[in-house]
J.: 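Structure provided below as structure tokens; questions to follow.
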Amino acid sequence: MPNRPRITSRAVIGTFYERLEAAQASSWIDAVSMYFQSDQESEEYAWLGGSPAMREWIGGRHAVGLAEHGMTLKNRKYESTLEIPVDWMRRDKTGQINVRIGEQADRAVQHWASLLSALLINAESAVCYDGQYFFDTDHSEGASGTQSNDITVDISAVAAGVHGTATAPSPEEVRAMVMAGVQQMMGLKDDQGEPANEMARNFLVTVPTTWWTPATTALVNPLLGGGDTNVLTNLDGYNFALQVNPRLTWTDKLAVFRADGQTKAFIRQEEEDITVAAVAEGSELEFEEDVHRYGIKASRAAGYGDWKKAVLVQAV
């Protein structure tokens, strides 16, 4: 009886990249972060203030310089290595191998989520490009005046049929928090004193897993409580998406992000995209241990971007 052709390392790597592409398409990271390619160990970002507004032409052009802020992100190398028995390859355990390889691809995409979530959790005590904490009550740039992207909402004052608590709010209270966050964001100004989010129409609301039920109801149901019309689902031209983040340690907060526009709340930087290397057919490892190894690696970093594209809302 002739031997069946076994699964090859080439097929395994192909499966990985196929799954990687599919997983990336369903991720939330693009909505809240800007992606930049890097060609060195670290990159410096000269954050530029707002461009000047249109003015009446009187006495020639009036050139306005750009306010410059500096920030440096250093790339770090990351890896994940998977070991597969040669017997699985020989016995054509395609289903089992595909599951393992698919999990590894998912982990690669989840790594960005892990980096961004860590930034989000620490954003009240980590400095961003303007020298203030990312979520702070006293940001100030140029002609902006003092501004806050860290606010509270007294949920006991919200009109609701049933009131919750700061850690378990009702859908009406979550809706009020989302609207307060958007309202705060729409009022923020750039260093020229111009509205920073005047054209914002798409928003992402991030909540901890314990808020899944009230947040889903608040953003999806057309009616709340005793038949109250839900303005979030009937607000023409404005779109609200929900992202339940199991990595968050918050119990009484949500964050509202602007999901459109040129600049976003976070930066993703990559010197080397995900690559796959195999120690497989004909290797010393195969001879000595009867296994193959598939390793992925990337050189990347994540950091704080434009604080004006995110507002933290705490229930009190």
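Side chains are part of it too, since the values below use all heavy atoms of this structure and drop only hydrogens, waters and symmetry mates.
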J.: Below 4.5 Å, heavy atoms only, C-beta onward: do Lys264 and Val32 meet side chain to side chain?
T.: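 Counting from C-beta outward, Lys264 and Val32 never come under 4.5 Å.
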
J.: Looking at every non-hydrogen atom in both residues, tell me the closest pair between Lys74 and Ala301 and how far apart they are.
T.: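 Where Lys74 meets Ala301 most closely, the heavy atoms are O-CB, 3.3 Å.
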
J.: Is any side-chain heavy atom of Trp211 less than 4.5 Å from a side-chain heavy atom of Val205?
T.: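 In short, these two side chains do not touch, never coming nearer than 4.5 Å.
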
J.: Would Val207 and Trp250 satisfy side chain to side chain contact (heavy atoms under 4.5 Å, CB included), going step by step from the backbone distance to the final call?
T.: CA-CA 8 Å; Val207 300; Trp250 302 338; over 6 Å; no

J.: Measure across Val86 and Glu286 and return the closest heavy-atom pair with its distance rounded to 0.1 Å.
T.: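 Of all heavy-atom pairs spanning Val86 and Glu286, the closest is CG2-CG, 3.8 Å.
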
J.: For Glu281, look at atom CD and say whether over 12 heavy atoms of other residues, nucleotides or ligands are found less than 6.0 Å away.
T.: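 Result for CD/Glu281: enclosed.
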
J.: Let me confirm one number: the CD-CG distance from Gln132 to Asn149, rounded to the nearest 0.5 Å.
T.: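 One finds 10.5 Å between CD of Gln132 and CG of Asn149.
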
J.: Hey, any chance Trp212 and Val174 share a hydrophobic cluster, counting ILVMFWY side chains that come within less than 4.5 Å of each other, even indirectly?
T.: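 Trp212 clusters together with Val174.
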
J.: Is the shortest heavy-atom distance from the side chain of Met71 to the side chain of Ile267 under 4.5 Å?
T.: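 They are in contact (side-chain heavy atoms under 4.5 Å apart), so the answer is yes.
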
J.: Test your reading of the model: is there a side-chain donor-acceptor pair from His139 to the backbone of Phe134, 3.5 Å cut-off?
T.: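 Confirmed, His139 side chain pairs with Phe134 backbone.
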
J.: When rounded to the nearest 0.5 angstrom, what is the spacing between CD1 in Ile84 and CD in Gln104?
T.: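 Rounded to the nearest 0.5 Å, the CD1-CD separation comes out at 8.0 Å.
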
J.: Linking I/L/V/M/F/W/Y whenever their side-chain heavy atoms sit closer than 4.5 Å, directly or via other members, would Tyr294 and Val99 fall into one cluster?
T.: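 Different clusters.
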
J.: With hydrophobic residues grouped by side-chain heavy-atom distances under 4.5 Å, do Leu20 and Ile13 end up in a single group?
T.: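 Per the 4.5 Å side-chain linkage, Leu20 and Ile13 are co-clustered.
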
J.: Identify the two heavy atoms, one from Ile274 and one from Ala108, that lie closest to each other, and give their separation to 0.1 Å.
T.: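 Where Ile274 meets Ala108 most closely, the heavy atoms are CD1-CB, 4.0 Å.
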
J.: Verify the neighbour count for atom NZ of Lys253: are there more than 12 heavy atoms of other residues, nucleotides or ligands below 6.0 Å?
T.: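 Counting neighbours around NZ of Lys253, more than 12 heavy atoms of other residues, nucleotides or ligands fall under 6.0 Å, so yes.
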
J.: Are the side chains of Arg100 and Trp88 in touch, meaning some heavy atoms are under 4.5 Å apart?
T.: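 Arg100 vs Trp88: side chains touch.
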
J.: Is there a donor-acceptor contact under 3.5 Å from the side chain of Asn75 to the main chain of Glu270?
T.: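 Looks like no, no N/O pair under 3.5 Å.
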
J.: Between Ser144 and Ser140 (side chain of the first, backbone of the second, donor and acceptor by atom type, cut-off under 3.5 Å), is there such a pair?
T.: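 Such a contact is absent between Ser144 side chain and Ser140 backbone.
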
J.: Between Ile296 and Phe16, does a side chain to side chain contact (heavy atoms under 4.5 Å, CB included) hold up when you go through it step by step?
T.: CA-CA 10 Å; Ile296 62 174; Phe16 173 86; 3.5 Å; yes

J.: When hydrophobic residues are tied together by side-chain contacts of less than 4.5 Å, even through go-betweens, does Met34 share a cluster with Leu73?
T.: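 Per the 4.5 Å side-chain linkage, Met34 and Leu73 are co-clustered.
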
J.: Please check if the side chain of Asn230 supplies one atom and the backbone of Asn221 the other of a donor-acceptor pair under 3.5 Å.
T.: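 Such a contact is found between Asn230 side chain and Asn221 backbone.
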
J.: For the residue pair Asn245 / Ser117, report whether a side-chain donor-acceptor contact shorter than 3.5 Å exists.
T.: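 Present: a donor and an acceptor within the cut-off.
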
J.: Compute whether any side-chain donor of one residue and acceptor of the other, for Asp150 and Ser148, lie under 3.5 angstrom apart.
T.: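 Side-chain D/A pair, Asp150 to Ser148: absent.
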
J.: Working to the nearest 0.5 Å, report the span between CG of Leu242 and OG1 of Thr216.
T.: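 Between atom CG of Leu242 and atom OG1 of Thr216 there are 5.0 Å.
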
J.: Where do Thr210 and Thr251 land on the side chain to side chain contact (heavy atoms under 4.5 Å, CB included) test, with the steps shown first?
T.: CA-CA 8 Å; Thr210 52; Thr251 59; 5.7 Å; no

J.: Would you mind reporting whether Glu141 and Trp307 have side-chain heavy atoms less than 4.5 Å apart?
T.: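 Yes; the side chains approach each other to less than 4.5 Å.
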
J.: Before accepting this row, confirm whether a basic side-chain N of the pair Arg268/Asp30 lies closer than 4.0 Å to the acidic partner's carboxylate O.
T.: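 Yes.
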
J.: Counting only heavy atoms from other residues, nucleotides and ligands, does the tally under 6.0 Å from CD of Gln40 exceed 12?
T.: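 Yes.
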
J.: For the residue pair Tyr304 and Phe266, categorise the inter-ring angle as parallel (less than 30°), tilted (30 to 60°) or perpendicular (more than 60°).
T.: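 Ring orientation of Tyr304 relative to Phe266: tilted.
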
J.: Judged by atom type as modelled, is there a donor-acceptor pair below 3.5 Å linking the side chain of Thr217 to the main-chain atoms of Thr213?
T.: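 It does hold such a pair.
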
J.: If you count the non-hydrogen atoms of other residues, nucleotides and ligands that lie under 6.0 Å from CZ in Arg247, is the total more than 12?
T.: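 Yes, because the 6.0 Å sphere around CZ of Arg247 holds more than 12 heavy atoms from other groups.
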
J.: For the pair Val12 and His292, evaluate side chain to side chain contact (heavy atoms under 4.5 Å, CB included) and give the outcome as yes or no after the intermediate values.
T.: CA-CA 11 Å; Val12 170; His292 290 177; over 6 Å; no

J.: Are the side chains of Met186 and Pro195 in contact, using a 4.5 Å heavy-atom criterion?
T.: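 No, side chains not in contact.
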
J.: Taking Gln243 for its side chain and Leu204 for its backbone only, find out whether a donor-acceptor pair lies under 3.5 Å.
T.: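 Looks like no, no N/O pair under 3.5 Å.
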
J.: Checking Glu173 against Ser170: is there a side-chain donor and acceptor pair closer than 3.5 Å?
T.: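 Side chains of Ser170 and Glu173: pair found under 3.5 Å.
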
J.: Given side chains that start at C-beta, do those of Val313 and Gln184 come closer than 4.5 Å, heavy atoms only?
T.: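 A side-chain contact is absent here, since even the closest heavy-atom pair is not under 4.5 Å.
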
J.: Ignoring hydrogens, what is the shortest heavy-atom contact between Ala166 and Pro169? Give both atom names and the distance.
T.: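 Minimum heavy-atom contact is O-CD, 4.2 Å.
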
J.: Tell me the closest heavy-atom pair linking Trp112 and Ala302, and the distance in Å.
T.: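 Reported closest heavy-atom pair: CZ3-CB, 4.3 Å.
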
J.: Could you measure the distance from the OG1 atom of Thr263 to the NZ atom of Lys308? Nearest 0.5 Å is fine.
T.: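 So the OG1 of Thr263 and the NZ of Lys308 are separated by 7.0 Å.
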
J.: According to a hydrophobic-cluster definition based on side-chain heavy atoms being under 4.5 Å apart (Ile, Leu, Val, Met, Phe, Trp, Tyr only), do Phe240 and Val311 belong together?
T.: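 Hydrophobic grouping puts Phe240 with Val311.
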
J.: Side-chain contact, heavy-atom cut-off 4.5 Å: Gln96 with Arg91?
T.: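 SC-SC contact between Gln96 and Arg91 ruled out.
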
J.: Whether Glu79 and Lys297 form a salt bridge (side-chain N of Lys/Arg under 4.0 Å from carboxylate O of Asp/Glu) is what I want to check.
T.: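 Salt bridge: no.
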
J.: Heavy atoms only: give me the nearest Pro222-Asn234 pair and the separation to one decimal.
T.: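 Scanning both residues, the minimum pair turns out to be O-ND2, 4.0 Å.
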
J.: Once you round to the nearest 0.5 Å, how far does CZ of Arg175 lie from OG1 of Thr233?
T.: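 The CZ atom of Arg175 sits 9.0 Å away from the OG1 atom of Thr233.
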
J.: Supply the members, apart from Val127, of the Ile/Leu/Val/Met/Phe/Trp/Tyr cluster built from side-chain contacts under 4.5 Å; use none for a lone residue.
T.: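 Traced through the cluster, Val127 reaches Tyr133.
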
J.: CG/Leu254 to CD/Gln314 distance, rounded to the nearest 0.5 angstrom?
T.: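 Answer for the CG-CD pair, Leu254 versus Gln314, is 10.5 Å.
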
J.: How about CD on Glu18, more than 12 heavy atoms from neighbouring residues, nucleotides or ligands closer than 6.0 Å, or not?
T.: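 No.
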
J.: Looking at Arg201, is its backbone amide N or carbonyl O close enough to the side chain of Asp260 to form a donor-acceptor pair, meaning the two atoms are under 3.5 Å apart?
T.: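 Checking the backbone N and O of Arg201 against the side chain of Asp260, a donor-acceptor pair under 3.5 Å is found.
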
J.: Among Glu272, Gln269, His111, Glu271, which residue meets the side-chain hydrogen bond (donor to acceptor under 3.5 Å, both in side chains) test with Arg300?
T.: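 Filter result, single survivor: His111.
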
